[in-house]
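Counting starts at 1 for both ligands and their atoms, following the listed order. In what follows, every heavy atom counts, from backbone to side chain, and hydrogens, waters and symmetry copies are set aside.
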Amino acid sequence: MSGRELIPRVTISARATERIRAGHVWVYRSDVVRARDVYPGALVRVERSSEGNERSPESRRFLGSAFYSASSQISLRMLAPHPVEDLSGLLRKRIESAVAYRQRFVAETNAYRVIFSEADGLPGWVVDRYNDMLSFEVLTQAADRGDLRELLVGELARAYQPASIVERVDRRVRRLEQLSEKPEGPVVGAKTSTEIQMNGVRFLIEALGGQKTGAFLDQRENYAAAAQYARGEALDVFCYQGGFSLHLAGGCDKVTGVDSSRPALEMAERNAALNGREIDWIEANAFDLLRDYSDAGRRYDLIVLDPPAFARSRASLESALAGYKELNLRALKMLTPGGILVTCSCSYHVRSSEFLEVISAAAQDAHRTVRVLETRGQARDHPSVLGIPETHYLKCVIAHVNLSK
Ligand code: SAH
């Protein structure tokens, strides 16, 4: 029997067929017409359902190969537009090409994303390199399969020979995928903290303590871009462990970082000491602090806004946009004439055009003229793939701000 006949089939609706043909890589549960005897995490053949009287030959119904999840709202994650007979071989090649892509395009750092799930054709895996340490996270039933984990860890060890490979666990994701609970920790070696550098700035990394995977690597190129405009006094709002603050410190007279998380600020202070910088860290709710400071007439020459994702779904878009508007309005009012606004949104559900409209509306209300200097996205180790909108999420606008005359 050939391997191909062992691969189960899943048939999907006409609507989902259109989306897949247009390049999308997800099929939602509501679009699955039939998935009989398919085990969680299986590699499957995806076919268009032969609804009505239509009797098309199988070859015309075949849409590609995918990983199946028996519990997630995303039932299928497309893997290839062709039948896959050698799954390990395909995954190995994709891992190799993800590594080669970073070798070619990532510079000025020893910390970057090595594998970014769908953006690297490896749905369900996220891997980051932090100097001599790698961290990975598994997001789906297929990506959690013992044989595939072994393959991933083996390939990563071979490619980087790291001191350790650490697994990070998002318990919410594991629950949604009905995966067993798992402790976080090293699966190779024992090291869980290290030091990285990006753009010549040094950072401490605790692979298991911090939010996300230790640092916001997706902002790395935006840090360098923002640093170009550093001058006078800067306010870094939602500063986390000081990514923007530390990059601005070299060019500014004074930098203040604000965050509501005390552990993040403690790490920020350790990072500042590591770089021999003095930065003021303030533990506060950013909304309250911006209101108080703008009421008190405080002025800054550069303000960074990098809030957490306000829109977790398209349904929360309106309230998210209201949040972005309020922050940007306050910041615009607090900038000195000719000041620089660096404003970000990492909500996938907020489109670039919508984000620009919000900044524009805030500028109107604040009576400011905003000249866009740069519209930026995530760093290139977090590839944004055309046709897969899910891979593009970070917006970063750098603008010059004046009083409207
Ligand atoms: N700019 C950072 C990343 C920011 S992530 C960097 O480049 O590394 C978002 C941050 O917002 C988190 O550190 C979180 O603690 C903080 N945060 C969330 N809600 C907040 C609030 N209401 N006020 C202040 N900080 C908040």
Taking 4.0 angstrom as the limit, do [X] and [Y] come out as a salt bridge?
X	Y	value
Asp128	Arg113	yes
Glu96	Arg94	no
Asp120	Arg102	yes
Arg380	Glu221	yes
Lys254	Glu278	no

Within 45° cone of Tyr112 ring axis and under 6.0 Å: Arg129 NZ or CZ: no
Any heavy atom of Ala264 closer to ligand 1 than 4.0 angstrom? no
4.0 Å heavy-atom contact, Cys344 with ligand 1: no
With under 30° as parallel and over 60° as perpendicular, where do the rings of Tyr324 and Phe310 fit, or are they tilted in between? tilted
With a cut-off of 4.0 Å, which atoms of ligand 1 are near a heavy atom of [X]?
X	result
Cys239	2 (C)
Ser261	15 (O)
Ala286	21 (C), 23 (N), 24 (C)
Ala284	23 (N), 24 (C)
Tyr223	6 (C), 7 (O), 8 (O)

For [X] and ligand 1, does the shortest N/O to N/O distance drop below 3.5 Å?
X	answer
Asp306	yes
Ser260	yes
Phe238	yes

